[in-house]
Asker: 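Here it is, the structure, as structure tokens.
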Amino acid sequence: MLSSFAAPSGRGRGAARLAAATLVSGLLAAGVLVAGAGQAAATDGTTQNQGGATATIGGLKTYGAAVIHDEAGDQEISAGLFEMSVDGGGTLQTYCVDLYNPTQKDAKYHETPWSGTSLGVNENSGRIRWILQNSYPQVNDLAALAKKAGLRGGLTEQDAAAGTQVAVWRYSDDADVDAVDPQAEKLADYLEKSARDVAEPAASLTLDPPALSGRPGERLGPVTVHTGASAVTVTPPADAATSGVRIVDKTGKPVTSTADGGQIYVDVPADAAAGTAELTVQASTTVPVGRAFTSESRSQTQILAGSSESTVSATARATWAKQGPIPALSATKNCAKGGVDITAANEGDESFSFELLGAEYTIGAGESRTVTIPLQEDQAYDFTIEGPGGFAQRFTGVLDCMTQAAEAAEADNTSTQTLTEPSPATVGGTSRDTNLAATGSSDATPVIAGVAIGLVLIGGAALIVVRRKKTSEQD
């Protein structure tokens, strides 16, 4: 949440590890793209977006002040609502759930299940959602909110936003934090004490499964649509006019729109050569309160507090071949297991084998299997799984399963370190607090550079390349 702030050095070192990993990831990913240029056309699906809204953060819009109490001393910070602009149209309002992690200016965010964030391993995540459902901006009658909280005076929007954010931090980061304004602080206390466990909300739009495979001449699927929207539009593959691939229902009738629970199929011509195609569905709907939003730039995780009618989308990938193994691959972050789950299904008539971190995995004909790639917190990853006929699918991202506060607790180090740039306060156009270090410089900079150079020299730490094990027939 901070432009710059003093925090335990465990948190500072976490930021240094982050910057180094991000830099190394960028360098190594560039190397992969150059080295694999011959297969670039077959390599896509680079992120683990499970569908929903994608947005760009614009900064703090409605906020007040709060004070963090910790070993570094009392630090005054801004606390309140962020605003995001949704790709394709719409606006989101969010609170942050990673107090000590900076917000990257203009960072791109995508809707994410709790299981892929720190919320997935936080037993109080349901209470955070209750707070969001029962406070500002979901409750925009501030007089009624003040009365419910037992306040004698009224609430301003700034006080309501600050009090709500403070209550969220107490559960998301286990933080000792208070709102500066007495009314905001009383609201925070009321919300914290009243919060009850509430289930995770459903995604605004997803496709199940996100990957499928089969043979030419078949209808591949079904792919089931899950959404809160009243209807979704279905977009066929970009080359559908020339490839003959169609999106149809179970009877073979072309589909251009469907609804929640709708099932669609990819109809592949019998004479089609081995290949892949993507189908996309899109809708306009409000995103459910409590949905998480994450950024691959490691900008702090956000949780949704309000949504206008917004554009949401999801994509499924289909693969086909006449014979041999026919893999269908998808990936999701799994914070409970500390890694990324790769699900591999094989609709072919031969086994599909690949090597992963020195271990070989075999998916038999007609079988499906999920394997977890263990990763370190904040670790960037970039790996490609290859298959027959030039098939290659790449997955990249950063594992972000812990708040910076949780990382600091693990480090168990209480000396101070200054963190800076970038900041919600700066992004939102506010002045910096006088007790905060100047934006744009940091005592951690030499450490970041040193760690980054060290990782580059030892090489490959953040890069995992997975290739299909070739059979003798392919050699």
Side-chain angles (χ1 to χ4, degrees), residues 41-42 44-45 48-54 88 111 202-285 311-332 343-350 352 363 365-368 387-393:
D44 53 17
Q48 284 69 68
N49 187 356
Q50 297 302 297
T54 300
E111 188 178 337
S204 61
L205 176 62
T206 57
L207 294 177
D208 181 29
L212 63 160
S213 61
R215 294 182 177 83
E218 296 179 346
R219 293 186 193 125
L220 312 187
V223 175
T224 303
V225 176
H226 299 285
T227 184
S230 58
V232 302
T233 59
V234 181
T235 303
D239 64 347
T242 56
S243 68
V245 174
R246 301 183 307 150
I247 308 303
V248 301
D249 62 17
K250 64 180 180 180
T251 68
K253 180 181 178 181
V255 173
T256 58
S257 65
T258 186
D260 181 46
Q263 294 188 323
I264 51 183
Y265 297 74
V266 179
D267 187 37
V268 182
D271 59 352
T276 63
E278 289 187 344
L279 67 92
T280 300
V281 297
Q282 189 175 84
S284 181
T285 187
T311 299
V312 296
S313 63
T315 299
R317 175 182 171 123
T319 303
W320 60 86
K322 293 181 179 179
Q323 59 186 11
I326 313 174
L329 306 173
S330 60
T332 56
T343 298
N346 176 19
E347 292 297 328
D349 52 20
E350 296 179 12
F352 171 64
I363 314 300
E367 295 182 351
S368 177
F391 172 91
Q393 193 160 351

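The first residue in the sequence is number 1, and the count goes up from there.
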Asker: Under 4.5 Å between any side-chain heavy atoms of Pro236 and Val245, yes or no?
Answerer: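 The answer is no; the side chains never approach within 4.5 Å.
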
Asker: When you measure from the side chain of Thr343 to the backbone N and O of Ser330, does any donor-acceptor pair fall under 3.5 Å?
Answerer: no

Asker: Closest approach of Asn346 and Gly348, non-hydrogen atoms and distance?
Answerer: OD1-N, 2.9 Å

Asker: Grab the two heavy atoms, one from Glu111 and one from Ser204, that are nearest each other, plus how far apart they are.
Answerer: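 Distance-wise, the nearest heavy atoms are OE1-OG, 2.6 Å.
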
Asker: Taking the side chain as everything from C-beta on, heavy atoms only, tell me whether Leu205 gets closer than 4.5 Å to Val232.
Answerer: yes

Asker: Which pairs would a plain distance check flag for residues 254-270, meaning a side-chain donor or acceptor within less than 3.5 Å of a matching protein atom at least two apart in sequence or in another chain?
Answerer:
unit_1: Asp260; atom_1: OD1; unit_2: Thr227; atom_2: N; d: 3.0
unit_1: Gln263; atom_1: NE2; unit_2: Thr224; atom_2: OG1; d: 3.3
unit_1: Asp267; atom_1: OD2; unit_2: Arg246; atom_2: NE; d: 3.4
unit_1: Asp267; atom_1: OD2; unit_2: Arg246; atom_2: NH2; d: 3.0

Asker: Give the minimum heavy-atom separation between Ala283 and Ala229, together with the two atoms involved.
Answerer: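 Here Ala283 and Ala229 meet closest at CB-CB, 3.6 Å.
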
Asker: If you look only at distance, which donor and acceptor atoms sit under 3.5 Å apart when one is on a side chain in residues 207-221 and the other is two or more places apart or in another chain?
Answerer:
unit_1: Ser213; atom_1: OG; unit_2: Ile326; atom_2: O; d: 2.9
unit_1: Glu218; atom_1: OE1; unit_2: Arg215; atom_2: N; d: 3.1
unit_1: Arg219; atom_1: NH1; unit_2: Lys250; atom_2: O; d: 3.1

Asker: Between OG1 of Thr315 and CG of Leu279, what distance do you get to the nearest 0.5 Å?
Answerer: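 The CG atom of Leu279 is 7.5 Å from OG1 of Thr315, to the nearest 0.5 Å.
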
Asker: Out of curiosity, Ile363 CD1 to Glu347 CD, how far, rounded to the nearest 0.5 Å?
Answerer: 12.0 Å

Asker: How close do Gln393 and Leu329 get, heavy atom to heavy atom, and via which atoms?
Answerer: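 Reported closest heavy-atom pair: NE2-O, 3.5 Å.
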
Asker: Minimum heavy-atom separation for Phe352 and Gly387, please, with both atom names.
Answerer: CE1-CA, 4.0 Å

